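As structure tokens, the structure follows; a few thoughts come after it.
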Amino acid sequence: MAKRLAASAAPELVVETDTGSTVMSPDRDYHVGRDPLSDIVVDDPRVSWHHAVLRPVNGHWTLEDEHSTNGTYADGRRVDEQDVGPGSVIRFGNPTDGPRAVLVGLDATPERPSVVSRPALSHTFRYPASVRPLPTRTVRIGRAEDNDLVVDDLIVSRRHAELRTHADGTYEIVDLGSDNGTYLNGQLVTSALIGPGDVIGIGHSAFCLVGDTLQEYVDTGEVILDVEDLTVAVDRGRKTLLDGVSFPVGEKCLLAVVGPSGAGKSTLLNALTGQRPADHGTVLYDGRDLYHDYAELRQRIGLVPQEDILHAQLTVRAALSYAAELRFPHDTAKAERRARVDEVIRELGLEQRADQSVHSLSGGQRKRVSVALELLTKPSLLFLDEPTSGLDPGMDRSVMHMLRGLADDGRTVIVVTHSVLSLDVCDRLLVLAPGGKVAYYGPPGDALPFFGFPQWPEAFEAFEHDRDRDWAGEYRDSPFHRQYVADAGAQPEQPDEEPVAVVPPPRPRGWAAQLGTLIRRYTAVLGADRTFLVVMIALPFVMGGMARALAGGELDRRSALNTLLVLCVGGVLTGAANAVREIVKERVIYRRERAVGLSRSAYLTSKVVVLGTVTVLQAVVLTLVALYGVELNAPQGQGVLMPPLIEIALAVALLAFTAMMFGLLVSALVRKEEVTMPLLVLLAIVQVVFCGALLQLDGVPGLEQLAWLVPARWAFAAMAGTVDLGRLSPDELSGDPLFQHTAGVWLLDVGMLLALSVVSGYVVYRLLRRREPAVMRK
């Protein structure tokens, strides 16, 4: 404490270098060197990676050399440690022509205030990372080194935006087609005029015109979250899930949220992350309205759901690499993505597991990988939903200590949990009572004495059994509320009467780029699934062999009907079995990726392209195994428009593709993966019954119209038309008008298969929307 008080008396200084200016706050040290992570980066070969440090000590600043190779010089003399102040001239690496830094007192530059008056910059951006004169020409901003203003941030495009100067002295910010967008006062813009006090948001940086300077502020992660009067109701207001929840979360804080089932923990999590905004109340991210500025701020929020957001078949490194492709701009080099992936692997202690499949990891290790995925974009706020669910006590504590370390490294971490084993590692504890009310907020160690119970099970039983007790009222009247909520600091502004409309974020990559990444990832996932590969290869041979056994050497009156029926069954099973689990098993992954800008249509298209290719190849193999070399006995040896074997293969392929689309439809409808297999059997039975090989459908009211929705009905009809089934097997069934050996009827049969595929694809697209975060449905 004494050291901090002494340091606080040191004056604020501005360090001016050739590349810009940095305002030094007296509450921390400032490191100088070639390391891009240094506070003051000096890119000169004579400067060491970690060259020197400026420290506030006993009311003044000292300059200390960090054992640099070429030395640090103050006022012309090499120094190891020396007091410095306004007017001091420092050179690094050479006393005469080395890179220079000049210290200037902040009070000598009145038009450079250290605190911008806008509420949006009240906490994280208290001190500018750089201060430079307003430009007199166009300034290009981006990640590439050839920009006029370089922003070292992977979510920033290489050439992101331009600040243009007009002849009348006004300024305009113009986005250069960036992936993650340019924001003015929290709103996405392509071009806009800016004035004093306006805030330009680019990645984790904000730029503001202050006086005659352009000041840059960097979100370093040490943010404050203010939650005020959050209320969420459903059933047209008849049921309240959150009731006036308010609390502050400080910098580097680890907050645990506990409470009985139905107390609103998940609802609170959705409200704090912006995925389901509250009906009333505000969430302030360092003074900025999260809902109003959600499109810009969502990149600074990480969310780890209860279920793993990873493809278990991939290795840790591959899973993180594909996620980096989807979340970083398209112009991010592979080496840049790989470096960031390696960085988070080291940070989470996963070096020894990087090349293991995710499914081979323990529960705690998988949770670390999920956290690593969210850390790729360097979020300042990290939320976790039940991260220790299903873990043993030792692994539970290990995960909580990992979260403690993440908070200490400069993040605000909020964890929703049922476990009370490791609450002691948290800074604050929020207890929600039934009805979504705050029953306690404060230090974890004081919670049980406050409730008057020796153990947590007794407290949770009281929540359930004593519902008439005013838990929230007792807390509001307690000293804990006054100390940790009411008097915690500057309170958020009162919310407006009308809720803020949350705008969904832009896609971090273009549609085509997302599609390419999704296709490669999905192909890798299927290729690593050995069970899928075995079934995929075996099924067409098994079904084709059965059909060939029925066909014999030629299709005749006895064998034609049964052979075509088996081909229909094989096509349906091939397509539907491929797809019936593929959406429901990825629902958590899709929901999280959709929240950070994944394109819904790109996701669905990737499924259709990969599964469609596999399914069509299987259908062709199925047909060739069944009929290659078999005498098909088509009229004059010809099909309707093409050779008969090609026509039959096309019909089976279209049937399998349409069945695959129906499988995706089933997968998008169900909530649990376990129910997909019974529905697959039901789907196959319906196809067999209504294909036209077992029942007379033509002219039967109800059945005929119902069969129009069955893909096997049209595929069987197309194959029957190719071989002219009415000629081979003249009876009531084979006399169906859809079996005619004419071009018009055959094209109708094939066209209906295509139409059913398109309609089912559209329905799947709409069903995917129902499973998305509320903010993404707009």
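Everything quoted here is computed from the prediction, not taken from an experiment. All values below were derived from every heavy atom in this structure, side-chain atoms included, with hydrogens, water molecules and symmetry-related copies excluded. Along the sequence shown, residues carry numbers from 1.
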So, [X] and [Y]: side-chain donor and acceptor under 3.5 Å apart, yes or no?
X    : Y    : result
Y603 : E586 : yes
E336 : T332 : no
S38  : H31  : no
S419 : T417 : no

Between the side chain of [X] and the main-chain N/O of [Y], is any donor-acceptor distance below 3.5 Å?
X    : Y    : value
R366 : L361 : yes
K367 : Q306 : yes
S48  : S68  : no
D427 : L254 : yes
R34  : V47  : yes
H359 : L314 : no
D153 : I155 : yes
R592 : L303 : yes
N578 : L611 : no
S398 : G394 : no

> Run the salt bridge (charged side-chain N to carboxylate O under 4.0 Å, His left out) check on K265 and E386 step by step: do they pass?
Replying inline: CA-CA 10 Å; K265 298 186 297 297; E386 300 288 354; 5.2 Å; no

> Considering the options R288, R298, R300, which one meets the salt bridge (charged side-chain N to carboxylate O under 4.0 Å, His left out) requirement together with D293?
Replying inline: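 The salt bridge (charged side-chain N to carboxylate O under 4.0 Å, His left out) with D293 is passed solely by R288 among R288, R298, R300.
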
>> Under the salt bridge (charged side-chain N to carboxylate O under 4.0 Å, His left out) test against E593, which residue among R587, R327, R521 passes?
In response: R521

Is [X] salt-bridged to [Y], going by a charged N under 4.0 Å from an acidic O?
X    : Y    : value
R55  : D29  : yes
R404 : D424 : no
R346 : E343 : no

>> For H51 and F92, take the angle between the two ring planes, folded into 0 to 90°, and tell me which bin it lands in: parallel under 30, tilted 30 to 60, perpendicular over 60.
In response: perpendicular

>> Holding to salt bridge (charged side-chain N to carboxylate O under 4.0 Å, His left out), I want the full list of residues that pass it with R46, two or more places apart in sequence or in another chain.
In response: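 For R46, the residues satisfying salt bridge (charged side-chain N to carboxylate O under 4.0 Å, His left out) (neighbours in sequence not counted) are D44, D97.
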
